[in-house]
Amino acid sequence: MSSNVKVRFAPSPTGYLHIGGARTALFNWLFARHNKGVFLLRIEDTDQQRSTEEATQAILDSMKWLGLDWDEGPYFQSQRLSIYKQYAEKLVEQGKAFYDTDAEGRKAIRFKMLDGVTEINDLIHGTITFDTSLIEDFVILKADGFPTYNFACVVDDAEMGITHIIRGDDHISNTPKQIALYKAFGFKMPEFAHIPMILGEDGSRLSKRHGATSVTDYRDKGYLPHALVNFLALLGWSPGNDQEIISISEMIEKFTLKRANKTSAQFNNIKLDWMNGQYIKNTPVEQLTAEVKRFFEKSGIDMTKITAGWLTNLVILYHERFKTFLDLQNQTRFFFTDAIEYDQAAVSKFLKKEGAGELLKEVYAAVSQVDNFDKKTLEDSLRALTEKLGVGFSKLAQPMRVAITGKSVSAGIFETMELLGKEKTINRLSHTIKNLCETSEAVKF
RNA sequence: GCCCCCAUCGUCUAGUGGCCAAGGAUGCCAGGUUCUCAGCCUGGAGACAGGGGUUCAAAUCCCCUUGGGGGUACCA
């Protein structure tokens, strides 16, 4: 079963795929999949100065990473130059366009914009009216033989049979020009749907030209593609209920342009982090472990001595505690190196205290005697110690935590010790007692 | 300057004339769980930009103002 719906995503390869472009691609993709239509990819590389192959590759990679698979293409406009030339000359022959030489002596073809009123029937905005006498005769074929955006876009969309043009709001004012072109050629008019733009967190325009965030940035920081997709889908669209976490298949099922809104949205990293955390919690440990391994390796952490079982235990311990893979990496750094960076505030608060050394000496003695180095045994042993010393458990836990992890914040201390192993644990305790604690003369370690 | 688009909690949004003394999410605050933090649970503060209309009734329709965004290229 298929419909006649055919849409496209047509980025220009002048930079990485940024968040706004990704959202446009996503809406097109969702629309195509919902309608069982065709989604095609077209690279609009008509700006010889700014287009690069690296950018093209980055865009393709980003699309794949997000899971936005295309059914046709990628087409490259730079490979279709003769087509645009033919169409442009046809317009000249019909008297609808003319050769024009500018002050710099460049000879181009301009389209004759007829005076009148153009109405756009936008699927999202409704009717938008333009007075075309305000629009100048615009260049359709540049002196270098390349078409301009408005021209190539129309020729391609018509030739490729695009039925719905779903693109950013910023193209609304291009639309009357394109409609004029459609009419001049007698092409079948497509439907237009202009979706709102995504703004940066400060409310200003988010775009690659302003050094904004790219999809690859998010991949490299350890976000899950589905979480990003989910987040992006909810920027300008909603399923119509209070649902926030929506699977891809559910999105496809529910996606309609009717439910797309027309208000521009500000990108909000905090909510993305929350959402990514939700996705991480919902990802099975086994799968997460594989991805953590890959991410850590890529970050240059030596994983050769790390066993699969150990890494799995690490992921289990941190499953509900990290929001991105990079976040996990930062939280668990002390497991992978003995060159621990001690948080100075934590050291002075918990270690540079009268009696801290004595306390940790007791801990050291107790921990040294634990043979079954598991959290249960460790807890029993240390709880017994607090009773013997007559102190509350947090009195022990914090100095231990700083000694072992370097920070005053970590996962459960017994679990952490078990995972670290006995040797490293007692080494860190003794190192701390010798070098970081405040100890009275009588009990020098 | 001119043209176009947009306007609900800080942010993302629900809301298409009565069900809204405006719902959800995030963030924030407080309490609970607890070895810290996170998580989780419970509670709280928080918005219809302003002004005119239309109507028995407006967040919802119209107009103006203000604010934000976009376009005005031989960039896309």
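Just so we're on the same page: letters track the sequence lines, and every chain starts at 1. The figures that follow rest on heavy atoms only: side chains count, while hydrogens, waters and symmetry mates do not.
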Pairs under 3.5 angstrom only: tabulate donor-acceptor contacts from the side chains of residues 311-319 of chain A to other protein residues two or more places apart or in another chain.
unit_1: A:T312; atom_1: OG1; unit_2: A:A308; atom_2: O; d: 2.8
unit_1: A:N313; atom_1: ND2; unit_2: A:G309; atom_2: O; d: 3.4
unit_1: A:H319; atom_1: NE2; unit_2: A:I280; atom_2: O; d: 2.8
unit_1: A:H319; atom_1: NE2; unit_2: A:T283; atom_2: O; d: 3.1

Which of B:U72, B:G70, B:A14 is nearest the side chain of A:E136? It is B:U72
Any N or O donor-acceptor pair linking the side chain of A:N174 to the base of B:A76 at under 3.5 Å?
yes
- Message: Applying a 4.0 Å non-hydrogen cut-off, can you work out what A:T148 is touching in the nucleic acid: base, sugar-phosphate, or nothing?
- Response: sugar-phosphate
| said: Check the phosphate of B:C74 against A:R110, side-chain N and O only, distance under 4.0 Å to OP1 or OP2. Yes or no? | reply: yes
Per atom distances to the A:D169 side chain, the nearest of B:A76, B:U36, B:C5 is B:C5
Sorted by chain and residue number, the ring pair (Phe, Tyr, Trp, His ring centres under 6.0 Å) partners of A:F9 (sequence neighbours excluded) come out as none
Regarding the side chain of A:Y149, the nearest nucleotide among B:U26, B:A76, B:G69 is B:A76
Nearest-nucleotide check on RNA chain B, A:A411 vs A:Q48; residue mapping nearer the 5' end is A:A411
**Prompt:** Salt-bridged, A:K6 to A:E72, with N to O below 4.0 Å?
**Reply:** yes
**OP:** Flag the pair A:E387 and A:R383 as a salt bridge only when some basic side-chain nitrogen lies within less than 4.0 angstrom of an acidic carboxylate oxygen.
**Re:** no
Between B:G15 and B:A73, how many Å separate the two C1' atoms, rounded to a whole number?
42 Å
Rounded C1' spacing from B:A38 to B:A76 in Å: 44 Å
When rounded to the nearest Å, what value does the distance between C1' atoms of B:G50 and B:U8 take?
15 Å
Exercise. Scan A:K323 against the nucleic acid and name what it touches under 4.0 Å (heavy atoms): base, sugar-phosphate only, or nothing.
Key: sugar-phosphate
In whole angstroms, the gap separating C1' of B:C35 from NZ of A:K395 amounts to 13 Å
Testing B:C74, B:G39, B:C35 for proximity to the side chain of A:F414, the answer is B:C35
- [ ] Could you tell me whether A:G168 contacts a base, only the sugar-phosphate backbone, or nothing, with contacts defined as non-hydrogen atoms closer than 4.0 Å?
- [x] nothing
- Task: Answer yes or no: side-chain N or O of A:E244 and base N or O of B:G24 forming a donor-acceptor pair under 3.5 Å.
- Result: yes
For the residue pair A:F393 and A:F414, categorise the inter-ring angle as parallel (less than 30°), tilted (30 to 60°) or perpendicular (more than 60°). tilted
Which part of the nucleic acid, if any, lies within contact of A:A143, taking any heavy atom under 4.0 Å across all strands shown: a base, the sugar-phosphate backbone alone, or nothing? base
Within residues 276-285 of chain A, the residues having a heavy atom closer than 4.0 Å to RNA chain B are A:Q278, A:K281
| request: Identify whether any heavy atom of A:T263 sits under 4.0 Å from a base atom; if not, whether one sits that close to sugar-phosphate; answer base, sugar-phosphate or nothing. | output: sugar-phosphate
Picking from B:A76, B:C5, B:U26, the nucleotide nearest the side-chain atoms of A:I172 would be B:C5
Among B:G70, B:C5, B:U13, the one nearest any side-chain atom of A:S173 is B:G70
In whole Å, what separates the P atom of B:A59 from that of B:G1?
-> 33 Å
Checking B:A76, B:A25, B:C35 against the side chain of A:H171 (C-beta onward), the nearest is B:A76
Between CG of A:N121 and C1' of B:C5 the distance, given in whole Å, is 16 Å
Quick one: is A:K271 getting a side-chain N or O under 4.0 Å of the B:G10 phosphate, OP1 or OP2? no
inquiry  = Need one value for A:I128: base, sugar-phosphate or nothing, where a base atom within 4.0 Å counts as base even if backbone is also close, heavy atoms only.
reply    = sugar-phosphate
Between CD of A:E418 and C1' of B:C35 the distance, given in whole Å, is 16 Å
Regarding the side chain of A:F130, the nearest nucleotide among B:U72, B:C74, B:C4 is B:C4
The nucleotide from B:U26, B:C35, B:A7 with an atom nearest the side chain of A:R401 is B:C35
Taken to the nearest whole Å, NE2/A:H194 to P/B:C4 is 15 Å
Against the side chain of A:L134, the closest entry in B:C3, B:C35, B:U8 is B:C3
### Query
How far does the P atom of B:G44 sit from the matching atom of B:G24, given to the nearest Å?
10 Å
Nearest-Å distance once atom P is located in both B:G69 and B:G32: 45 Å
Q.
Below 30° counts as parallel, above 60° as perpendicular, anything between as tilted: where do the rings of A:F151 and A:F185 land?
A. tilted
Which is true for A:R383 with a 4.0 Å heavy-atom rule: it touches a base, it touches only sugar-phosphate, or it touches nothing? sugar-phosphate
